[in-house]
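Take a look at the structure below.
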Protein chains: 2
Amino acid sequence: MKKEKISMDLKNSNLKVTPQRMAVLEALDSLKNHPTADKIKEYVIKNHPNVAVGTIYKTLETFFEKGLVKKVKTEKDVMRYDAILKKHHHLYCEDTEQIEDFFDDKLTKMLEEYFKKREIPNFQVKDLKLQIIGTFINKKSLNK
Amino acid sequence: MKKEKISMDLKNSNLKVTPQRMAVLEALDSLKNHPTADKIKEYVIKNHPNVAVGTIYKTLETFFEKGLVKKVKTEKDVMRYDAILKKHHHLYCEDTEQIEDFFDDKLTKMLEEYFKKREIPNFQVKDLKLQIIGTFINKKSLNK
DNA sequence: CTATTAAATAGGAATAATTCCTAATTAGGA
DNA sequence: TCCTAATTAGGAATTATTCCTATTTAATAG
């Protein structure tokens, strides 16, 4: 069952299994597309009305420290969270807030290979994330 | 002279040349390493004590829209500004706030080539930025 | 099952970053 | 020199996030 997997994730990170943390993980699981803390808050509170906002922020920060979520950096000034841990890159829409995951093992491998050969002075590379900026071409909206 | 170049930049973007905008551009020029709005504010106000904070934010936003600066978002949740427009990538330190520019034309070209061949469904690529995450190896601090 | 205790949470106040508002000023063109 | 749309000052308002402390709770050992 899903809940058991979730509480496993928590235990593996030496975190106590609390309803609040479960709720945040559920939210992250349901809300695709890199929710803001605000969206997560909304979702959590819908199901658990008396979870404190501060708790949600703290929980997200804890998860981030333990590597259970990642933060997505954007040009906009709200932080967004990403629960998908498989290596991937992001497509950023120039015009909207949309951010999509972009999985491409060949690309990832190419980048890794590149930095195996190409040493950067005084810097040790640990992770590589490509920001692919552009526009989504939605066939339906061509006549806008 | 430098000031003339700056006011050219402004005119080319259809922006009026005002002392406030000159001051912000000067600040961006002097403050290397991706200053926060706060650092820019500090610098501007040192030289022009009665420039309003709102004006600085608005000016930065205007510059961003016109493409005179770029925004860099970090996991620490403050926006930082980047006046260097030559194509480049960024080195992010995992442990500190440090962000460095990383120029590598070969890398840039490799990525561009890759996306010329590799079409992404419903998405038109306009820009590619690599986030290189890792740690700076400072010889002096090895004995920490 | 119960007691213990360190960790986690509620609730809201405090802070920090950024945006918004309006009257006054100003740059650039006529 | 004048006109007008654009810009700015100054500060209030908003928004996102962090911080604080008394209370509660999950995990562990007995």
Side-chain angles (χ1 to χ4, degrees), chain A residues 3-4 6-27 34-45 47-66 68-69 71-81 97, chain B residues 3-4 6-27 34-45 47-66 68-69 71-81 97:
Chain A
K3 284 204 174 162
E4 276 151 27
I6 290 180
S7 68
M8 263 310 168
D9 284 349
L10 290 175
K11 276 187 189 146
N12 290 339
S13 305
N14 286 317
L15 294 176
K16 287 187 182 173
V17 179
T18 68
Q20 293 84 346
R21 284 177 177 161
M22 298 287 271
V24 172
L25 281 176
E26 265 173 54
H34 317 91
T36 58
D38 200 58
K39 294 280 176 208
I40 295 165
K41 192 183 79 189
E42 225 173 74
Y43 187 99
V44 168
I45 287 175
N47 305 314
H48 305 79
N50 45 357
V51 171
V53 179
T55 301
I56 295 173
Y57 275 97
K58 193 133 152 270
T59 300
L60 286 169
E61 196 56 31
T62 306
F63 288 174
F64 174 68
E65 280 161 19
K66 298 291 181 178
L68 294 174
V69 300
K71 293 182 180 179
V72 184
K73 304 173 186 100
T74 73
E75 279 164 359
K76 308 284 159 55
D77 73 350
V78 264
M79 190 57 75
R80 296 172 66 167
Y81 296 86
E97 318 268 297
Chain B
K3 283 203 177 163
E4 275 150 28
I6 290 180
S7 68
M8 263 308 167
D9 285 348
L10 290 175
K11 276 187 189 147
N12 289 339
S13 305
N14 286 316
L15 294 175
K16 288 187 181 172
V17 178
T18 67
Q20 293 85 346
R21 285 177 177 161
M22 298 287 271
V24 171
L25 281 176
E26 266 173 52
H34 316 90
T36 58
D38 200 60
K39 294 279 177 209
I40 295 165
K41 192 183 79 190
E42 222 173 77
Y43 188 99
V44 167
I45 286 175
N47 304 314
H48 306 80
N50 45 358
V51 171
V53 180
T55 300
I56 295 173
Y57 276 98
K58 193 133 153 269
T59 301
L60 286 168
E61 195 57 30
T62 306
F63 288 174
F64 174 68
E65 280 162 18
K66 297 290 182 178
L68 294 174
V69 300
K71 293 182 180 179
V72 187
K73 174 89 178 189
T74 70
E75 277 159 7
K76 306 283 154 55
D77 189 37
V78 260
M79 189 60 73
R80 295 168 67 166
Y81 295 86
E97 318 265 302

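- For B:Tyr57, the listed nucleotide lying nearest its side chain is C:dA17; candidates were C:dG28, D:dA27, C:dA17.
- When the nucleotides D:dA5, C:dA10, D:dA9 are ranked by their closest atom to the side chain of B:Ala52, D:dA9 comes out on top.
- To the nearest angstrom, P of D:dA5 lies 17 Å from CG of B:Asn14.
- Note on A:Pro19: only backbone sugar-phosphate atoms sit closer than 4.0 angstrom, heavy atoms only; bases stay farther off.
- Relative to the side chain of B:Lys16, the nucleotides D:dA6, C:dT18, D:dA27 differ in distance, and D:dA6 lies closest.
- Within the nucleic acid shown, A:Thr55 comes within 4.0 Å of at least one base atom, counting heavy atoms only.
- With D:dA16, C:dT18, D:dT8 as the choices, the nucleotide that has an atom nearest any side-chain atom of B:Lys58 turns out to be D:dT8.
- Within the 4.0 Å cut-off from OP1 or OP2 of C:dT9, at least one side-chain nitrogen or oxygen of A:Thr18 is found.
- In this structure the side chain of B:Lys66 never reaches within 4.5 angstrom of the side chain of B:Phe63, judged on heavy atoms.
- Classification of B:Glu61 and B:Lys71 as a salt-bridged pair holds, one side-chain N sitting under 4.0 Å from a carboxylate O.
- Regarding A:Ile56, its CD1 atom lies at a distance of 12 Å from the P atom of D:dT17, rounded to whole Å.
- Among the heavy atoms of the strands lying under 4.0 Å from A:Asn50 are primed sugar atoms or P, OP1, OP2 only; no base atom is included.
- Regarding contacts with the backbone of C:dT26, every side-chain N or O of B:Gln20 stays at 4.0 angstrom or more from both OP1 and OP2.
- Per the geometry, NZ belonging to B:Lys66 stands 14 Å off C1' belonging to D:dT7, to the nearest Å.
- When each of D:dT7, D:dT8, C:dT18 is scored by its nearest atom to the side-chain atoms of B:Leu15, the top-ranked nucleotide is D:dT7.
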